[in-house]
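In what follows, chains are A, B, ... by sequence order, proteins preceding strands, each numbered from 1.
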2 protein chains.
Amino acid sequence: MKIAVDAMGGDNAPFATVKGSIEAVKEYGVEIILVGKKDVIEKELIKHNYTGSKIRIVNADEIITNEDKPVKAIKNKQNSSMVAAMNMVKNQEADAVISAGSTGALLTGGLLIIKRIKGIDRAALAPVYPTKRGIALLLDAGANTDCRPKYLQQFAVMGSIYCQKVLQIENPKVGLINIGEEQEKGNELTKEAYELLSNSHINFYGNLEARDIPAGNVDVMVADGFTGNIVLKLTEGLASTIFSMLKEEFMKNFITKLGALIIKPGLKKFKNRLDYSEYGGAPLLGVKGAVIKAHGSSNDNAIKNAVRQAKIFVENNVIERIEEDIEKLGGNHDTK
Amino acid sequence: MKIAVDAMGGDNAPFATVKGSIEAVKEYGVEIILVGKKDVIEKELIKHNYTGSKIRIVNADEIITNEDKPVKAIKNKQNSSMVAAMNMVKNQEADAVISAGSTGALLTGGLLIIKRIKGIDRAALAPVYPTKRGIALLLDAGANTDCRPKYLQQFAVMGSIYCQKVLQIENPKVGLINIGEEQEKGNELTKEAYELLSNSHINFYGNLEARDIPAGNVDVMVADGFTGNIVLKLTEGLASTIFSMLKEEFMKNFITKLGALIIKPGLKKFKNRLDYSEYGGAPLLGVKGAVIKAHGSSNDNAIKNAVRQAKIFVENNVIERIEEDIEKLGGNHDTK
């Protein structure tokens, strides 16, 4: 299996992308193509004493930054590491692509270069959300700000498949993020989506109130990209604010500092549970290739885990399974 | 000043509503009309040895519960404590109404009994949101699931006025909850609302990313009711989940229990900052009367603070100020 890694993408590139790739080839036995500035990548490989044959470099001189406008960047920066890496998947020279670079550009590249699966109206970004019980998949987390009920139905189907095949959760429960539990609650979008989800071949849990999101009663959380993004970002912001406020309380005097010292290991363990780097990245579901968006601040561990995730994604034929299930969904629609 | 309190509304009624009212008349010198079952209220007053003249009872035998359908309840339960209390505001027998009962019924009663201010398209529920810096007003928190850009503009204007007059924040900063900071970010609603808010007589901060909500960089947070409700409920759920997870870590063994004991006062102080009961209730802004929705689980302190809030609301002529500013807004629109 060959995985293309955008070596120049992310806050910690190329250090994290190269080191993470070296760790991944050792641990998972995959082949990795590092795409980016050849001399820079070579220096990194030497720094880590890597001399194996499982990693090769494909040169790409340009870099897409977060300041670039996504569509313009994908169209104009043809020789960027991100575009070159995505082209390798399109041309079947690689089985998957991983990038910690601009989310907007990666989403755009997914649509313009790799293209959508037949029958899929919108591709969705699907990060893992840490809950009290473990994890849940959240989609769409921001690729589509305005959605139709049908898109949410497709997200639910794709999320179910990914959850089964990659996160290895049997018969995953799918919840619709909403402002009340009862079927009649919600806005126009969620009310219609509820109806569609009830009639889909998924394990539909029903509406999931925002208050219950952190408890982790479902495995897949479906929302339009605006709502999903609000949920994801507010969670990040709130967790970080609560921890910083706790820290202030702890640092007040000698006694509280002592208390803080004692509970520090537990607190650290708890913070680790919220750490994205353990979960790899967010797949872009709905395009004809395995595209993994790693967090912008990915360290080498996060990149390594994204490679593992891409490997499981490809091995379990997630794309083919989505194609099959979406075709069935289309069939259902026709008989309505 | 006369404030009508729905004595039967909320999880802790009539204990909390009566005790809170007794405390409020002592502290704020207002007159309170307790609306509900006369014998029940009388017993509560006797229990607390209240014999003053500042509280009187208006009998209403029915009670609207959370299980009642709002519109049906308001129309059919004419002799309920909530409807009777709202009618007193409508008939100018009371200056304000407070209820900890069904949110849906109170919103419906606001529209059907007290009615909207001329020029206001939608009334919004505006609770206070605790932030790292202090508090911010969030509106709409759930009264209107589907909104037009113009509604958000009206929420911004009403929120600004309430924030100045009742929360006593000078020149309050108004942020639009969105999925990015840049003007061009967002869904169709927020992109159009951004434009309208930029051209309104408010101190417009711009887009407020969900990640930045807890930091408290703005005083008024504007959103459609679906998004606002998600923000409010997710915050509640996440704070409670984080605390329960921390508690588990603390209770693991003797040493961590000791640590927990030491930092307990700080932790408690911190939790208190998130305590709704200090902030009174959420005003329903946009109707022709001061309507305060107290939290369903309000204790006597929360009711007392809701009375204080209602008093400031009335004293500062919030309704009249909204009428003036909305008229100006209408003028602006015509010249467009």
Side-chain angles (χ1 to χ4, degrees), chain A residues 131-132 142 144-147 177-180 185-191 209-216 223-246 248-250 252 255-256 258-267 269-270 273-274, chain B residues 131-132 142 144-147 177-180 185-191 209-216 223-246 248-250 252 255-256 258-267 269-270 273-274:
Chain A
T131 69
K132 201 178 172 193
N144 311 282
T145 51
D146 292 278
C147 285
I177 295 179
N178 209 337
I179 59 169
K185 286 285 171 75
N187 56 14
E188 286 171 22
L189 174 68
T190 57
K191 278 188 247 180
E209 260 205 289
R211 191 201 310 266
D212 298 327
I213 288 175
D224 65 273
F226 186 88
T227 304
N229 194 274
I230 296 275
V231 166
L232 191 69
K233 298 293 178 61
L234 179 59
T235 303
E236 284 179 19
L238 207 58
S240 115
T241 301
I242 290 180
F243 279 116
S244 91
M245 286 173 83
L246 278 175
E248 278 171 29
E249 287 296 339
F250 289 164
K252 280 218 166 128
I255 296 291
T256 58
L258 186 69
L261 204 66
I262 292 173
I263 57 143
K264 207 178 174 184
L267 211 60
K269 212 177 123 197
F270 172 60
R273 289 206 40 201
L274 300 174
Chain B
T131 68
K132 200 176 174 196
N144 311 282
T145 51
D146 292 277
C147 286
I177 295 180
N178 209 337
I179 60 168
K185 286 285 171 74
N187 56 14
E188 286 170 23
L189 174 67
T190 56
K191 279 187 246 181
E209 260 206 288
R211 191 201 310 267
D212 299 327
I213 288 175
D224 65 274
F226 185 88
T227 303
N229 194 273
I230 295 275
V231 166
L232 191 69
K233 298 293 178 62
L234 179 59
T235 302
E236 285 179 19
L238 207 58
S240 115
T241 302
I242 290 180
F243 280 117
S244 91
M245 288 172 82
L246 278 175
E248 278 172 28
E249 288 295 339
F250 290 164
K252 279 218 167 129
I255 296 293
T256 58
L258 185 70
L261 205 67
I262 293 172
I263 57 145
K264 208 177 173 185
L267 211 59
K269 213 176 122 198
F270 171 61
R273 288 208 39 204
L274 300 173

* **Under 4.5 Å from a heavy atom of chain B, the part of A:I213 involved** => side chain

* Asked: Between A:A215 and B:T241, which heavy-atom pair has the shortest distance, and what is it?
  -> N-OG1, 4.4 Å

* Any side-chain heavy atom of A:L189 sitting closer than 4.5 Å to one from B:F226? -> no

* Asked: For chain A, which of B:G180, B:G186, B:G142, B:S240 has the most heavy-atom pairs under 4.5 Å?
  -> B:G186

* In Å, rounded to the nearest 0.5 Å, how long is the span from CG of A:L234 to CD1 of B:I230? -> 10.0 Å

* Asked: Between A:V231, A:I177, A:N144, which has the largest tally of heavy atom pairs under 4.5 Å with chain B?
  -> A:V231

* Under 4.5 Å, counting heavy-atom pairs only, tell me which of A:E209, A:K233, A:K185 racks up the most with chain B. => A:K233

* Can you find a side-chain donor-acceptor pair between A:K191 and B:T145 that sits under 3.5 Å? -> no

* Out of curiosity, A:D146 CG to B:T190 OG1, how far, rounded to the nearest 0.5 Å? -> 8.0 Å

* Pairs where residues 234-243 of chain A contributes a residue and the test salt bridge (Lys or Arg N to Asp or Glu O under 4.0 Å) is met, not counting sequence neighbours -> A:E236-B:R211

* Using a cut-off of under 4.5 Å for heavy-atom pairs, which of B:G225, B:G237, B:C147 has the most such pairs with chain A? -> B:G237

* Asked: Between B:P214 and A:L238, which heavy-atom pair has the shortest distance, and what is it?
  -> CG-CD1, 3.4 Å

* Structure fact -> Bottom line for A:T227: the part with an atom under 4.5 Å from chain B's heavy atoms is side chain

